[in-house]
Amino acid sequence: MQLHDFRLSGNCYKVRLFLALLGREVELQQTDLLGGAHKRPEFLAVNPRGQVPVLVDEGQAIYDSQAILVYLAKRYADASWYPQDALSQARIASWLSFAANEVAKGPGQARLHGLFRMPGDLQQAQQRAVQVLELVDAHLALHSWLAQGEAPSIADLAVYPYIALAGDGGIDLTPYAHLAAWFARIRALPGYIGMPGL
Ligand SMILES: N[C@@H](CCC(=O)N[C@@H](CS)C(=O)NCC(=O)O)C(=O)O
């Protein structure tokens, strides 16, 4: 199994984290995003979207971090990570979509501007980030895990990185006690690994 990776990417990290929790070996292939390697023909042949992460397993390329989490859960994990019943899967899909939209546009964008000096509206991204943090913190006041089961699911792994990295975008995480408790639960999972900034 091979992962086209970028060390500082939260989307790549969520895949590395799940593989670590599953105890799966992966060959990491670093992609020079800052040098534009992801827009060159050899990379576009693997992922025409020109983005990391890309997982290659048994000759098949899977891209989009949320899609990779679904693949790994169905292929290699026990059912608790992505339960089969309709309600659990709908709840998880809702959080995967939230990770790709609200989280990416809020704390994800704020981090891009704050850490990598990417152009854009930092203030707007920070406002969106605060809304995201408040919403998730309120949800976690009532539930231990995002998809409301008694165990972590791929929903937690999809949403965790950019929320935990929000400080890189100039967001203060200290007011959010339920987020802090959730971070601690995730960090206590056997096999947990961090990334730069976490
Ligand atoms: N929805 C995608 C987003 C992937 C993404 O934005 N990847 C970033 C790195 S975190 C990237 O490759 N950016 C380069 C680009 O979009 O040109 C996912 O979740 O994997």
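Please read these numbers as outputs of a predicted model, since none were measured by experiment.
Other residues, nucleotides and ligands place more than 12 heavy atoms under 6.0 Å from the CD atom of Gln30. The 12-atom threshold is exceeded at CZ of Arg187, counting heavy atoms of other residues, nucleotides or ligands nearer than 6.0 Å.
Side-chain contact between Tyr13 and Asp5 is absent, with no heavy atoms from C-beta onward closer than 4.5 Å. Side-chain contact between Ile68 and Pro53 is present, with at least one heavy-atom pair separated by less than 4.5 Å. Counting heavy atoms from C-beta outward, Glu25 and Met1 have side chains that stay 4.5 Å or more apart. When side chains are defined from C-beta on, Pro152 does not count as touching Arg185, because their heavy atoms never get closer than 4.5 Å. Counting only heavy atoms from C-beta outward, the side chains of Met195 and Arg16 approach each other to under 4.5 Å. Taking the side chain as every heavy atom from C-beta outward, Leu157 and Leu21 approach each other to under 4.5 Å. Using a 4.5 Å cut-off on side-chain heavy atoms (C-beta onward), Gln60 and Leu55 make no contact. Inter-residue side-chain proximity for Trp95 and Gln66 is flagged as unmet; no heavy-atom pair is nearer than 4.5 Å.
Side-chain contact of Ser9 with Asn11: a donor-acceptor pair under 3.5 Å is absent, judged by distance alone. A donor-acceptor contact closer than 3.5 angstrom links the side chains of Asp156 and Trp182.
The heavy-atom pair separating Pro83 from Ile92 by the smallest distance is CD-CD1, 3.7 Å. The two atoms that bring Gly50 and Leu44 nearest to each other are CA-CD2, 3.6 Å, heavy atoms only. Nearest heavy atom pair, residue Arg111 against residue Leu8, reads NH2-O, 2.8 Å. Across every non-hydrogen atom of Gln109 and Ala125, the tightest pair is CB-CB, 3.8 Å. The minimum heavy-atom distance between Leu165 and Pro196, with the atom names listed, is CD2-O, 3.9 Å. Scanning all heavy atoms of the two residues, the minimum distance from Ala155 to Ala147 falls at CB-CB, 4.3 Å.
Considering Leu146, Leu179, Leu17 as possible partners of Tyr160, the one that fulfils the side chain to side chain contact (heavy atoms under 4.5 Å, CB included) test is Leu17.
Rounding to the nearest 0.5 angstrom, the gap separating the CG atom in Asn47 from the CD1 atom in Ile62 is 11.5 Å. One finds the CD atom of Gln148 at 10.0 Å from the OG atom of Ser153 (value rounded to the nearest 0.5 Å). Lys105 NZ to Leu112 CG: the interatomic distance, rounded to the nearest 0.5 Å, is 13.5 Å. The distance from atom CD1 of Ile154 to atom CG of Leu69, rounded to the nearest 0.5 Å, is 5.5 Å. Here CG of Leu122 is found 6.5 Å from NE2 of His113. Values are rounded to the nearest 0.5 Å. One finds the CG atom of Leu3 at 14.5 Å from the CZ atom of Arg24 (value rounded to the nearest 0.5 Å).
With hydrophobic clusters built from ILVMFWY side chains whose heavy atoms lie under 4.5 angstrom apart, Leu33 does not share a cluster with Val15. Note on Val46: it does not cluster hydrophobically with Val26, by side-chain heavy-atom contacts below 4.5 Å among ILVMFWY residues. Both Leu19 and Ile186 are assigned to one and the same hydrophobic cluster, defined by single-linkage of ILVMFWY side chains at heavy-atom distances under 4.5 Å. Clustering ILVMFWY residues whenever any of their side-chain heavy atoms sit less than 4.5 angstrom apart, transitively, puts Leu189 in the very cluster that holds Ile193. With hydrophobic clusters built from ILVMFWY side chains whose heavy atoms lie under 4.5 angstrom apart, Leu115 does not share a cluster with Val132.
Remark: the backbone N or O of Ser65 is not paired with any side-chain donor or acceptor of Lys14 at under 3.5 angstrom. Side-chain N or O atoms of Gln126 include one that pairs as donor or acceptor with a backbone N or O of Gly169 at under 3.5 Å.
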Full working for side chain to side chain contact (heavy atoms under 4.5 Å, CB included) between Arg91 and Gln89
CA-CA 5 Å; Arg91 283 189 174 138; Gln89 293 206 346; over 6 Å; no
Side chain to side chain contact (heavy atoms under 4.5 Å, CB included) evaluation trace for Leu140 with Trp145
CA-CA 7 Å; Leu140 289 167; Trp145 303 104; over 6 Å; no
Check step by step if side chain to side chain contact (heavy atoms under 4.5 Å, CB included) holds for Lys74 and Gln84.
CA-CA 9 Å; Lys74 293 205 68 121; Gln84 292 299 305; 4.0 Å; yes
Going through the checks in order, is the side chain to side chain contact (heavy atoms under 4.5 Å, CB included) test met by Glu134 and Tyr176?
CA-CA 8 Å; Glu134 285 175 354; Tyr176 306 105; 3.9 Å; yes
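Between His38 and Phe43, the ring planes are perpendicular. Angles over 60° get that label, and only those under 30° would be called parallel.
Here Asp57 pairs with Tyr71, Tyr76 under the side-chain hydrogen bond (donor to acceptor under 3.5 Å, both in side chains) rule; sequence neighbours left out.
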